[in-house]
Amino acid sequence: MELTNLQAQRLTKLQRLRDGGVDPFPARSRRTHTIAVVLDSFEQLSEAATRLTLAGRIVGARRIMGKLAFAHITDGTERIQLWMSLADAGEALFARFRDDIDTFDIIEVDGLLRRTKKGEPSLFVQDLRVLAKTLNPPPEKWEGLQDVEERLRQRYLDLTVNEDRRQIFRMRAQAITAMRHFLDQRGFVEVETPVLQPIYGGAAARPFTTHHHQLDQTLYMRIASELYLKRLIVGGFDAVYEIGKNFRNEGVDRSHNTEFTVMECYQAYADYHDMMQLVEQMFRAISQAVIGETRVLYQGQPIDFGVDWPRMPLVQAIEERTGIDILALPDLTSLMQAIGAAGLQVEPKPTWGKQVDELFSTYVQPMLVQPTFIIDYPVELSPLAKRKPDVPALTERFEGFIAGLELANAFTELNDPLDQEQRFLEQGRAYDSGDDEAHQMDTDFLNALMYGMPPTGGLGVGIDRLVMILTDQSTIREVILFPHLRTRDT
RNA sequence: GGGCCGGUAGCUCAGCGGUAGAGCACCUGACUUUUAAUCAGAGGGUCGAGGGUUCGAUCCCCUCCCGGCUCACCA
């Protein structure tokens, strides 16, 4: 490893510690208190003159003034000031702190709690040990680490320097905990289904392909949990959910990461209306748990989870925004003519369903700021959803939108194996005609349906996007600890 | 994938044909109540990579690598 000047300087200090009989990486800490606890009961602890041991990373600059020194340490709970005097600490200890300890080193300090003259709660250091010597220098103390690429590639460094980013990931954990709690309380059973699948399905997407050597078998990384979870409904679990990663071999942007976390849940004897209520209640509960209220500010816009979400039929939403009644234009040719006649600027798509989706994405979705359910999607776009009994061209499906982002997707699940087979066959024709996101025929899934699946409501929620809303982040990679980046050559 | 912008010291950034700069950090010295400590001094760079133009390239041109924004695709 080639060292920079600053790394070499620190290595010299490390060697000097070793030469002085000090292990720069001891196995254990003797910490007695966290900094948060110490600050909480500072007055009692300082009056009692309790000698205690704190541990943490030196952050900010050390301020060394000849015979007196100050620094701050943080242990992940809080930060506290240390101060040390040459007279009390002794020449050897003071010199070690001055000469061999650097900003960012992780140390352990013994001493008494006292306020300084300026009134800051501090630890008056009587002894000090290195817990981990650092070889890399910290970023600039005031500007910190700004470069987006470096922040993402060295997320560990980003997290040490930028406390607010750690907070985002704490909130993410709280959101997932709250979601689990919500579902557990309602009798859902958490399950795990395969990530490596011989047949992929449950969404319109291109998969990652991999290979099992011993079995000499092609496997796909899952694009959705859907088809396995519905097998479990057939199997007699009346309510199941899974929280896990999906993988889609598609583009990356501010709202898409290659791998992303989804909660999918299925409830027997429920329909998509029930799932809408579930979403409303769940988002309310999660918001309450994570930020303490049901209103959040997202990118300057207030979002209110305290009220029920409007239900807007897709057909009506498109007509209101574009004047086009898609049901009256049931084939691609007439739809394209109407789009042309209306002077709408949209990308031409290969199928009627995709063209409808395009109209929606362009003219409706960006307007959906407050939580909104768009309901009743064309059957072409929803090969796993049950048809509306009175309008067989549409399905009982909804998607939930907030701030223009799709957060939820749900339907009354198709449980008719004969209709499902026809849908798979139609998907196969779409694939053959160039739609590389079309579903594969899954005969085992059909076999499961032939044993009977009760009427079932199913729901998927994008966890990353939910966390974006709750933490007011404009890009998905800020709520994913290690978002995927191209590897660096040099 | 297209368009636009960027990559210069550990970090944050100037410079844009004529010997490579600042702030912070680091190092040396002074300093017993600092809070982005202060004062004085010193060191630190294959200017993303490769090619080209030029007497001379961090700077202009070409190719490539890595990012950001944006459009397209997808959740």
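Chain letters run A, B, ... following the sequence lines, proteins first, then strands; residues in each count from 1.
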Output the rounded distance in Å from [atom1] ([X]) to [atom2] ([N]).
{"X": "L93(A)", "N": "U32(B)", "atom1": "CG", "atom2": "C1'", "value": "16 Å"}
{"X": "F104(A)", "N": "C11(B)", "atom1": "CZ", "atom2": "C1'", "value": "11 Å"}
{"X": "R63(A)", "N": "C39(B)", "atom1": "CZ", "atom2": "P", "value": "16 Å"}
{"X": "E149(A)", "N": "G48(B)", "atom1": "CD", "atom2": "P", "value": "13 Å"}
{"X": "H484(A)", "N": "C74(B)", "atom1": "NE2", "atom2": "P", "value": "21 Å"}
{"X": "F124(A)", "N": "U32(B)", "atom1": "CZ", "atom2": "P", "value": "14 Å"}
{"X": "Q365(A)", "N": "C73(B)", "atom1": "CD", "atom2": "C1'", "value": "13 Å"}
{"X": "R486(A)", "N": "G48(B)", "atom1": "CZ", "atom2": "C1'", "value": "15 Å"}

Whole-Å [atom1] distance, [N] and [M]:
{"N": "G10(B)", "M": "G56(B)", "atom1": "C1'", "answer": "32 Å"}
{"N": "G15(B)", "M": "G7(B)", "atom1": "C1'", "answer": "15 Å"}
{"N": "G21(B)", "M": "C27(B)", "atom1": "P", "answer": "24 Å"}
{"N": "U53(B)", "M": "C62(B)", "atom1": "C1'", "answer": "11 Å"}
{"N": "C66(B)", "M": "C73(B)", "atom1": "P", "answer": "24 Å"}
{"N": "G48(B)", "M": "U12(B)", "atom1": "P", "answer": "15 Å"}
{"N": "G1(B)", "M": "C61(B)", "atom1": "P", "answer": "23 Å"}
{"N": "A9(B)", "M": "C47(B)", "atom1": "C1'", "answer": "10 Å"}

Pairing of [X] and [Y] as salt bridge, 4.0 angstrom limit:
{"X": "K13(A)", "Y": "D100(A)", "answer": "no"}
{"X": "E380(A)", "Y": "R423(A)", "answer": "no"}
{"X": "E413(A)", "Y": "K386(A)", "answer": "no"}

Nearest of [options] to any side-chain atom of [X]?
{"X": "K117(A)", "options": "C74(B), A75(B), U33(B)", "answer": "U33(B)"}
{"X": "R254(A)", "options": "G10(B), A37(B), C69(B)", "answer": "C69(B)"}
{"X": "E143(A)", "options": "G67(B), C27(B), U12(B)", "answer": "U12(B)"}
{"X": "A87(A)", "options": "A75(B), C69(B), U32(B)", "answer": "U32(B)"}
{"X": "E437(A)", "options": "G10(B), U32(B), C74(B)", "answer": "C74(B)"}
{"X": "K141(A)", "options": "C24(B), A75(B), U35(B)", "answer": "C24(B)"}
{"X": "L152(A)", "options": "U70(B), U32(B), G68(B)", "answer": "G68(B)"}
{"X": "T4(A)", "options": "U33(B), A75(B), G10(B)", "answer": "G10(B)"}
{"X": "E406(A)", "options": "G67(B), A75(B), G10(B)", "answer": "A75(B)"}
{"X": "K67(A)", "options": "A37(B), U32(B), G68(B)", "answer": "U32(B)"}

Looking across every strand, which nucleic acid part, if any, lies under 4.0 Å from [X] by heavy atom: base, sugar-phosphate, or nothing?
{"X": "I64(A)", "value": "base"}
{"X": "G460(A)", "value": "nothing"}
{"X": "N249(A)", "value": "nothing"}
{"X": "L145(A)", "value": "sugar-phosphate"}
{"X": "E399(A)", "value": "nothing"}
{"X": "E358(A)", "value": "sugar-phosphate"}

So what's [N] paired with, Watson-Crick or G-U wobble, going by both distances under 3.5 Å?
{"N": "C55(B)", "result": "G18(B)"}
{"N": "A36(B)", "result": "none"}
{"N": "C31(B)", "result": "none"}
{"N": "U63(B)", "result": "A49(B)"}
{"N": "C69(B)", "result": "G3(B)"}

Looking only at side-chain N and O atoms, does [X] come under 4.0 Å of OP1 or OP2 in [N]?
{"X": "R477(A)", "N": "C69(B)", "result": "yes"}
{"X": "R153(A)", "N": "G67(B)", "result": "yes"}
{"X": "R10(A)", "N": "G10(B)", "result": "no"}
{"X": "K354(A)", "N": "C74(B)", "result": "yes"}

- Record whether the side chain of D253(A) comes under 3.5 Å of the base of C73(B) through a donor-acceptor pair of N or O atoms.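 When only heavy-atom distances are counted, D253(A) does reach the base of C73(B) through a donor-acceptor pair under 3.5 Å.
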- Message: Suppose we call a contact any N or O donor and acceptor under 3.5 Å apart; does that hold for the side chain of Q146(A) and the base of U12(B)?
- Response: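 Donor-acceptor pair under 3.5 Å: no.
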- Item | Option from F373(A), Y377(A), W309(A) for which ring-ring contact (aromatic ring centres under 6.0 Å, His included) with F398(A) holds | F373(A)
- Message: Quick check: on RNA chain B, is the nucleotide nearest P139(A) upstream (toward 5') of the one nearest A61(A), or the reverse? Name the residue that is more 5'.
- Response: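 Mapping each residue to its closest nucleotide by heavy atoms, the 5'-most match is P139(A).
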- Query: In terms of the nearest nucleotide of RNA chain B, which residue is placed more toward the 5' end: F260(A) or T362(A)?
  - Reply: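 The residue mapped nearer the 5' terminus is T362(A).
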- Given the side-chain rings of F401(A) and F360(A), with only the six-membered ring counted for Trp, is the space between their centroids under 6.0 Å?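 Yes; F360(A) has its ring centre under 6.0 Å from that of F401(A).
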Side-chain H-bond candidate by donor/acceptor type, [X] with [Y], under 3.5 Å:
{"X": "N409(A)", "Y": "R397(A)", "result": "yes"}
{"X": "Q440(A)", "Y": "Y431(A)", "result": "no"}
{"X": "T134(A)", "Y": "R10(A)", "result": "yes"}
{"X": "R63(A)", "Y": "Q81(A)", "result": "yes"}

- Item | F70(A) over A37(B), stacked by centroid distance under 5.5 Å, angle under 30° |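 No, F70(A) does not stack on the base of A37(B).
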